[in-house]
Amino acid sequence: MDNNTLHYLERKAVLILLIGLVFLILGEIIFRLPSAPQLLKYVSDKELGYRYAPNQIYSSFLGNYSVETSPITIGGHGFRNGPIDWNRPIILVLGSSEVVGPGLRDEEIWTARLTTLLSDETHSTPLVVNAGVGGYGPYHSSVVLQRFFEENQKPLLVIIRVSIGDRLFFPPKPYELRTTKLRKFKTFIYRYSAFLPFLYKKITAQIYSIKNAISLNRNNKVLSYEYEKAEAAETMWKDHKAYWNKIAILCEKNSVFALFYISDPYGTPGGKRLFEKFKSHFGNRPFVSVFIINEKYFGILDKNLSSRRNEFKERFTLGYDPHANCLQHKVVADTLFSYLSLINTRPLNFPNDE
Amino acid sequence: MQFNSWSYIIFLITVLIIYYYFNRKKQNVILLIASYFFYCSWDWRFSILIIISTVVDYVCGKKIHSSENQTIRRRFLFFSIFVNLGILCLFKYFNFFIDNLYLLLNGIGLNADRLQLHILLPVGISFYTFQTLSYSIDIYRNKIEPSNSFLDFALFVAFFPQLVAGPIERAQNMLPQISAGRIFKLDEFERGIWLIYWGLFKKVFIADNLAFLVDSSFANSAQISFPVAYLSLVAFAFQIYCDFSAYIDIARGSAKLFGFRLMTNFNIPYLAKNPRDFWKRWNISLSSWLRDYLYISLGGNRKGKLVTYRNLFITMVLGGLWHGAAWNYVLWGVYQGSILMAYRFISERYMIKVGKLISTFIMSQFTLFGWLLFRCTRNEIVNGLSVDRSFHQIAEYLGSILRGAHFSPEFWSLFQDVLLFTGPLIFIQVLQHLAKSKYVIIRMPSYMSVPVYSIIMFLLVRYGVQQGDAFIYFQF
């Protein structure tokens, strides 16, 4: 390599470093402005691994951490609600991010809509509490429910969303609960920098995309839709049955009605198998009900699974992200409302407000 | 493999490393293999069509050149045209014609059973068929000689940076570059990197963000007010320009990294002062192809004024149809043909002097209306048939004029967003226009270029959409 080329490369290297520095400074300034997006804050939890920090309004970033959503309100309990008024009849909803509803406004999520529908129907004011947290699986839901009961906060009804999409949300491993040097460093960065946490999440999302891009394994589980198969449901049942059982027992002990609803929007063999498992295990228990929201409720009628999947993705997800859109949340709320009316559970016999 | 994906960047880097490890002869083989790999990542089955097109045109080119008998030369030319246009018509227009034929038959009371053929549209078919056709026609016209190397010709047809959405290259530009040695030049490499960087910015930051705004307005076309409708159309104008030019920039940038120069396809089209000027600035490779191989073949302007107008009109209608098998594209072509004819008629008869700014503004309004026709695509399934409802959507959109001209909070919010996403583009393009160079940023001193690069990078990271739509022109 001649001297001219070396000098040229040296100049470009310095230029790139300068660009990086100015980029970081610019990011730090802009992310400290009042209009900058507030990122979701977490607090660590010895049982759950993490919870949402209470009392915050944040913006989610979907679509590979690139599309900013409408602001999401997290209330005092660390869930997506305003303050919970325990004088009202409470319906507690447990689940993962699909219950949280990122990408939608507070009033668009299905739990808010179900509150409205129940209020109109019962002339009472039941409150559907959205206790979903992104990344929470059946284990986490059982812990959250137990805490509610331990704090003597007894809901009238507990709805648990069950989905094959949550099959990989296992209890936190011991090493995930330890305070490591890396975690301390991350806490330090979060405390003193406004831009670096955003940049870190953005880079993490890219690493995931790059790994997918270079993966030569075309049969990887996401691409080949292995999770739609009955075998995946069997595995999920085996892995998480204990926690669903715990939820059912907790409810029975407290005389609280539990409704497990299987989310299977475009009708997969896995969804059907999961529903069968729940039915056979919980079907005869007095305080437990099992329901499936499948393709017929979404009006997806094609006989071909691939066509149904594509229609679902196009009509009922955000497009840039697989999370549910407004229409899907409306269908879920309306379907659950109809189901609750049909089985005529206690929740519909709310005491009238005096 | 979308250009704005990690898959493409990893693919490009891998091919570059392998490419520069070998000498020129092997470089062409590597590029050919890479190009077919790239195309097969979309759908390997359609690579057969490229192979057919390549073989047919290579053989026809040889036969046309070697024969002195005009009849034989014409037969091989027609065979090449028949194969290329046949493939294009079958895969692109068959369903369109069948659907409309059955609508017509049902409309006049003849209830016929519809022939069901689920034909997928191969990516890039409109581009590579035109490219290979230009090769055969240029040989017939004695403008070029056929390639002596099948490998070189195959690479000309399948060169991956421009395979799926242009520019539609000419053999006289590409074949000499393919057969000649290519020398690595640092400054060309730097320009290639800049073009890719700038292209990614236009696609991921500008086009995909504007797409959200535009899609929302067009989905509510029956409700929005006139200012919102108008501003959404402006947003779409920028969206389609940034989307298409982004692809071209990434294509040209990628080609530069390998030592190739692809033709420019855009020249700040919204500064056009009249319809003729617009088509010298927008999709230049397509407009020049249509001029050289369709308009001139029909007679051009050599057979009197009426025939000239006819030729202009037919060329633009077919140009519209080239964009897609739908009536709104035909209507767009009719519209473009009409304003070209009108402009020609007026400019030949009247000496109207209009200032540059005014003429640019007037032309921009005509362009906006054209984009309305282009964007309004709506289909409904009626009795199992796909019925085009584009005209309904156009009518709904135009109906916004009757819904009042109030500047609602929705308008100002949209205005703010459009300004955020188009501001950087306008700034950079003004600089490029004044400096008469696309590479003005590279040439700037560091104290000026560093902030520009940093701001582009920040906007990309902060607002860039990564799960956005495919490039608009990929569907053609």
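Letters go in sequence order (proteins before strands), and every chain restarts at 1. Keep in mind that the numbers below use all heavy atoms, side chains included, and drop hydrogens, waters and symmetry copies.
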- Between CD1 of I9(B) and CD1 of I210(A), what distance do you get to the nearest 0.5 Å? 8.0 Å
Anything under 3.5 Å between a donor and an acceptor, one on a side chain of residues 441-454 of chain B, the other on a protein residue two or more places apart or in another chain? List them.
{"from": "R443(B)", "atom 1": "NH1", "to": "S437(B)", "atom 2": "OG", "distance (Å)": "3.3"}
{"from": "S454(B)", "atom 1": "OG", "to": "I19(A)", "atom 2": "O", "distance (Å)": "3.3"}
{"from": "S454(B)", "atom 1": "OG", "to": "V450(B)", "atom 2": "O", "distance (Å)": "2.7"}

- Message: With a 4.5 angstrom heavy-atom cut-off, is it the side chain or the backbone of L199(A) that approaches chain B, or both, or neither?
- Response: side chain
- Query: Taking all atoms of both residues into account, what is the closest heavy-atom pair of F23(A) and V461(B), and its distance?
  - Reply: CZ-CG2, 3.9 Å
- Tell me, yes or no, whether the heavy-atom count around Y20(B) atom OH, taken from other residues, nucleotides or ligands under 6.0 Å, exceeds 12. yes
- Which region of I10(B), side chain (C-beta onward) or backbone (N, CA, C, O), has a non-hydrogen atom less than 4.5 Å from a non-hydrogen atom of chain A, or is it both or neither? side chain
- Message: Is I455(B) close to chain A through its backbone or its side chain, or both, or neither, when contacts mean heavy atoms under 4.5 Å?
- Response: both
- Query: Which heavy atom of S66(A) sits nearest a heavy atom of G464(B), and at what distance?
  - Reply: CB-O, 2.8 Å
- Query: Taking C-beta and beyond as the side chain, do R462(B) and K202(A) meet within less than 4.5 Å on heavy atoms?
  - Reply: no
- Angle class for the F31(A)/F458(B) ring planes (parallel below 30°, perpendicular above 60°, tilted otherwise)? perpendicular
- Message: Working to the nearest 0.5 angstrom, can you tell me the gap between K12(A) NZ and I193(B) CD1?
- Response: 11.5 Å
- Message: Taking every non-hydrogen pair under 4.5 Å, which of L24(A), V22(A), I16(A) racks up the most with chain B?
- Response: V22(A)
- Message: Could you work out, with salt bridge (Lys or Arg N to Asp or Glu O under 4.0 Å) as the rule, every residue matching D417(B), not counting sequence neighbours?
- Response: none
